[in-house]
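What follows is a short report on a single structure.
Counting convention: from 1, in listed order, for ligands and their atoms alike.
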Amino acid sequence: MGIVNQDNITDVVIDSLGKSGPITERQREIMTGVIKHMHAFIKDVKLQHSEFLEACAYLERAGKLCNDNRQEFILLADIIGVEVLVDMMTNPVSGNASESTVLGPFYRENPPVLPKGASTIQKHFDNEETAWFEGYIRDENGNGIAGVTLDVWEDAPNGIYENLDPDQPEYNLRGRFETDETGHYAFVAVRPVPYPIPEDETAGELLQFMGHHPNRPGHMHFIISKDGYRPLISQIYDADSAWLDNDSVFAVKESLIGTFKPAAPELGTDLHFEFDFILQTAAAEKAIAAE
Ligand code: BEZ
Ligand code: FE
């Protein structure tokens with residue numbers, strides 16, 4: 001420890017890390033970065049005490065909003081592009097593997113387990129367009145992978161996720177599917193519509209402050225997993241959706257855009273959306289982590 005001044009404060013705080021308690025090397029690396037960058041930022045903008053107190057009060061309000069249905073800190077991170085950047089650091093683009101993108105705050109554990117080809121629709125809306133979603137989950141050599149689990153979720157045609165809408169049944173438009181022996185998956189759902197992320201409270205204040213809109217283009221969320229493969233958290237986007245090139249959370253990737261086509265009569269839906277995913281093996285994941 002030492003007597004601090006403006007020049008040595010950063011080193012003094014970094015030196016104190018782990019002095020009276022356990023700290024892992026990774027925790028030390030992260031905390032050193034946080035302290036260094038935070039101090040540099042404060043010096044850079046000459047942060048004033050009243051502004052510091054304002055930030056603390058804002059974060060306190062954000063924390064109080066968090067509950068099982070609202071994770072305000074993920075939302076705030078999304079609005080300033082932090083979750084998508086963390087995802088890019090966690091899952092760098094590699095070979096021909098499918099790209100990941102943000103999880104977002106609306107995933108629910110343990111969705112209904114449904115057979116291949118079943119529908120996730122539990123409530124109908126006048127403006128809905130039903131769609132047959134299908135494709136193959138393959139490895140990097142092009143072989144279909146059997147027994148892959150796909151969790152899927154999306155907003156309803158009113159633009160609201162079921163857990164935020166008291167008028168929708170529990171787990172509406174959510175499901176867990178499995179690929180067949182050829183690696184093929186299929187399910188019925190609705191064409192996802194663009195929707196605004198929650199724009200009230202602290203998330204709304206941040207959006208307004210930045211002069212941004214809250215809208216996301218229509219997308220279907222996926223978590224695709226199987227032992228021995230790297231889990232893939234991703235979304236597929238409707239090529240004809242509004243906001244595709246101006247997503248409020250910066251999560252659209254070119255490779256994740258697909259097209260809804262009119263469905264053949266035997267599918268029994270309005271539309272047809274085909275999309276294949278390529279998973280990396282867990283061994284490939286270890287190799288990337290070691291780089
Ligand atoms: C979503 O896609 O569900 C989402 C992602 C980031 C922020 C809000 C919602
Ligand atoms: Fe979403």
Ligand 1 versus I74: contacting region, heavy-atom distance under 4.0 Å: neither
Geometric cation-pi criterion R138 and F277, 6.0 Å radius, 45° cone: no
Any H221 heavy atom less than 4.0 Å to ligand 1: yes
Name, closest N/O/S atom of H219 to the Fe ion (ligand 2): NE2
Interatomic distance, F133 atom CZ to E274 atom CD [nearest 0.5 angstrom]: 12.0 Å
Sub-3.5 Å N/O-N/O distance, R216 and ligand 1: yes
Pairwise distance CZ(F250) to CG(D78) - rounded to 0.5 angstrom: 10.0 Å
Structural part of Y195 in contact with ligand 1, heavy atom criterion under 4.0 angstrom: side chain
Gap separating the OG1 atom of T130 from the CG atom of D270, nearest 0.5 angstrom: 3.5 Å
Atom indices of ligand 1 within 4.0 angstrom of L75 heavy atoms, with elements: 7 (C), 8 (C)
Heavy-atom check, side chain of Y195 versus side chain of I160, under 4.5 Å: no
Selected option - heavy-atom contact closest to atom 9 (C) of ligand 1, from P105, A77, G104: P105
Point-to-point distance, once rounded to the nearest 0.5 Å, from OG of S119 to CG of L173: 8.0 Å
Ligand-residue contact atoms, ligand 1 with V249, heavy atoms, under 4.0 Å: 6 (C), 7 (C)
Angular separation of NE2 (H221) and OH (Y195) seen from the Fe ion (ligand 2), to 10°: 160°
Approximate separation, where rounding is to 0.5 Å, of R108 CZ and E170 CD: 4.5 Å
Atom 7 (C) of ligand 1 - nearest protein heavy atom and its distance: D78 OD2, 3.1 Å
